[in-house]
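Take a look at the structure below.
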Amino acid sequence: MATIAKKAGLILVASVLALACFGCSSGGEGKSAEPAAEPKTEVEQGPEKEEAAEKADPDAEALAAGKTVKYIDQYYTNLKDAVDKANQNGGGTVVLLADTVDTENGESPTIGFRTSITIKSGDGGPFKVYRADGQANEMLRITDGTITVKDVVFDGSGEGVTSPIVMISDLARVTFGSGLVLTGNASDGSGYAENFGASAVSISGPDAYVTIESGCMISDCTGSGLAKAALYNDGANVANSGGSFSGNTSETDTPNYAGTGTYEGDPIA
């Protein structure tokens with residue numbers, strides 16, 4: 001009897017193990033593995049990458065919309081609006097993306113706070129700033145701040161112009177950097193008192209300073225009447241570190257530089 005019971009026990013254990021193995025096998029076969037997703041080929045990914053790159057070029061989109069000047073991440077159709085925004089924000093860099101008009105409302109771009117502003121061209125420059133139709137006043141007025149202008153052409157050509165291209169006064173600290181060209185302005189100076197008599201740059205006041213760096217050019221500006229020279233210094237401070245003057249004319253015998261202020265550096269003929 002003990003032998004029979006022992007055999008029955010062994011049979012029962014074997015049956016249980018068999019059922020357990022069958023259950024494991026059935027569970028494994030019941031869940032079929034899902035096929036792995038095939039990676040996208042380069043051909044499939046290529047157009048998506050190209051489209052993303054096109055969308056990531058806001059400068060190109062701005063130019064397509066007629067906006068030619070950039071300040072931080074904002075775009076404008078003229079220099080004045082961009083300079084005004086930089087002046088309000090306390091400084092920064094204004095970048096020309098293409099040739100641009102100076103102003104659209106007849107008012108000059110003006111920098112009048114203690115700011116630090118750079119005006120320059122972007123890739124593909126130098127670009128040109130040109131007068132609006134009928135604009136007779138200056139193209140840039142600076143009365144305060146630390147300002148650098150470089151790699152830009154200010155073309156002062158226009159009818160009935162009465163002012164220089166740039167007027168600098170009061171507490172302004174201005175650097176005319178490499179690549180800046182002030183050209184083509186023909187002024188009779190009648191828009192201002194005699195001591196502002198310049199065809200290109202007027203600087204006045206004992207606390208105003210201008211540094212002209214190598215690579216800056218003031219050229220082909222014509223003064224008549226009260227406009228005595230391309231650059232007129234009324235009691236201010238001018239330092240020339242290699243800037244050049246050429247093709248300027250006036251009714252005086254000093255068509256490039258005249259005035260009563262402090263001058264140092266390379267001589268201006």
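Atoms considered below: every heavy atom in the structure, side chains included; atoms not considered: hydrogens, waters and symmetry mates. Please read all numbers here as calculations on a predicted model, not as lab measurements.
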Donor-acceptor pair, distance only, cut-off 3.5 Å: does the side chain of T183 make one with the backbone of S219? yes
Quick one: do the Y75 and D59 side chains pair a donor with an acceptor below 3.5 Å? yes
Counting N and O atoms only, with roles assigned by atom type, does the side chain of T146 sit under 3.5 Å from a partner on the main chain of S116, one being a donor and the other an acceptor? no
Listing request: all ring pair (Phe, Tyr, Trp, His ring centres under 6.0 Å) pairs with a residue in residues 244-269, at least two apart in sequence or in separate chains. Y257-Y263
Please round to the nearest 0.5 Å and tell me the distance separating atom CD1 of I117 and atom CD1 of I142. 8.5 Å
What about L140 and I212, same hydrophobic cluster or not, with Ile/Leu/Val/Met/Phe/Trp/Tyr joined at side-chain heavy-atom distances under 4.5 Å? yes
Is a side-chain donor-acceptor pair under 3.5 Å present for Q135 with T103? no
Minimal heavy-atom distance between S178 and K150, with the atoms involved, is O-CB, 3.5 Å
If you look at every heavy atom in V69 and T100, which pair is closest and at what distance? CG2-OG1, 3.5 Å
Let me check something: do L231 and I147 share a hydrophobic cluster, defined by ILVMFWY side-chain heavy atoms less than 4.5 Å apart, either directly or through other members? yes
Can you tell me how far apart CD1 (I218) and CG (D220) are? Round to the nearest 0.5 Å. 12.0 Å
Got a donor-acceptor contact below 3.5 angstrom from the D155 side chain to the G184 backbone? no
Would a distance-only check, ignoring hydrogens and angles, find a side-chain to backbone donor-acceptor pair under 3.5 Å from S250 to K228? yes
About how many Å separate CD1 of I111 and OG1 of T143, when rounded to the nearest 0.5 Å? 9.0 Å
Should we count CG of D123 as having more than 12 external heavy atoms under 6.0 Å? no
So if you build clusters from Ile, Leu, Val, Met, Phe, Trp, Tyr with side-chain heavy-atom gaps below 4.5 Å, do L79 and L182 land together? yes
Determine, step by step, whether D151 and S121 satisfy the side chain to side chain contact (heavy atoms under 4.5 Å, CB included) criterion, reporting the C-alpha distance in whole Å, the side-chain angles of both residues, the deciding distance to 0.1 Å, and the verdict. CA-CA 6 Å; D151 197 32; S121 293; 3.7 Å; yes
May I ask you to decide if E107's main-chain N or O and N137's side chain share a donor-acceptor pair within less than 3.5 Å? no
Go through the steps for E251 and S224 under the test side chain to side chain contact (heavy atoms under 4.5 Å, CB included), then give the verdict. CA-CA 6 Å; E251 296 173 351; S224 61; 3.6 Å; yes
Donor-acceptor check, side chain of N237 to backbone of P206, threshold 3.5 angstrom: yes or no? yes
Would you check if the side chain of D144 reaches a backbone N or O of A172 as a donor-acceptor pair within less than 3.5 Å? no
Reported OG1-to-NZ distance for the pair T110 and K80, which is rounded to 0.5 angstrom: 5.5 Å
Keeping N233 on the side-chain end and T262 on the backbone end, is there a donor-acceptor pair under 3.5 Å? yes
Report yes or no: does S204 contribute a side-chain atom to a donor-acceptor pair with the main-chain N or O of D234 at less than 3.5 Å? no
List the atom of G177, the atom of C216, and the distance in Å for their closest heavy-atom pair. O-CB, 3.6 Å
Hey, could you give me the OH/CD1 distance between Y209 and I203, rounded to the nearest 0.5 Å? 9.5 Å
Compare every heavy atom of L171 with every heavy atom of R114, then report the nearest pair and how far apart it is. NH2-CD1, 3.6 Å
List the atom of K67, the atom of L97, and the distance in Å for their closest heavy-atom pair. O-CD1, 4.4 Å
Side chains of R131 and M139, heavy atoms from C-beta outward: is any pair under 4.5 Å? yes
Between S187 and N185, do the side chains contain an N or O donor and an N or O acceptor separated by less than 3.5 Å? no
If two hydrophobic side chains count as joined below 4.5 Å and joins carry through other members, does I165 share a cluster with I268? yes
Judged by modelled atom types alone, do D266 and N240 share a side-chain donor-acceptor pair under 3.5 Å? no
When rounded to the nearest 0.5 Å, the distance separating CG of D188 from OG of S199 is 11.0 Å
Quick check: closest heavy atoms across A208 and S169, and the distance to 0.1 Å? CB-C, 4.0 Å
Side chain proximity check, Y130 to V101, heavy atoms < 4.5 angstrom: yes
Report the C-alpha separation of F154 and L180 in whole Å, then their side-chain angles, then the decisive distance to 0.1 Å, and conclude whether the side chain to side chain contact (heavy atoms under 4.5 Å, CB included) test is met. CA-CA 8 Å; F154 277 82; L180 172 65; 3.9 Å; yes
With no hydrogens and no angle check, do the side chains of T211 and T175 hold a donor and an acceptor under 3.5 Å apart? no
Donor-acceptor under 3.5 Å (R173 side chain, T148 main chain): no
Same hydrophobic cluster for F176 and V181, using side-chain heavy-atom links shorter than 4.5 Å among ILVMFWY? no
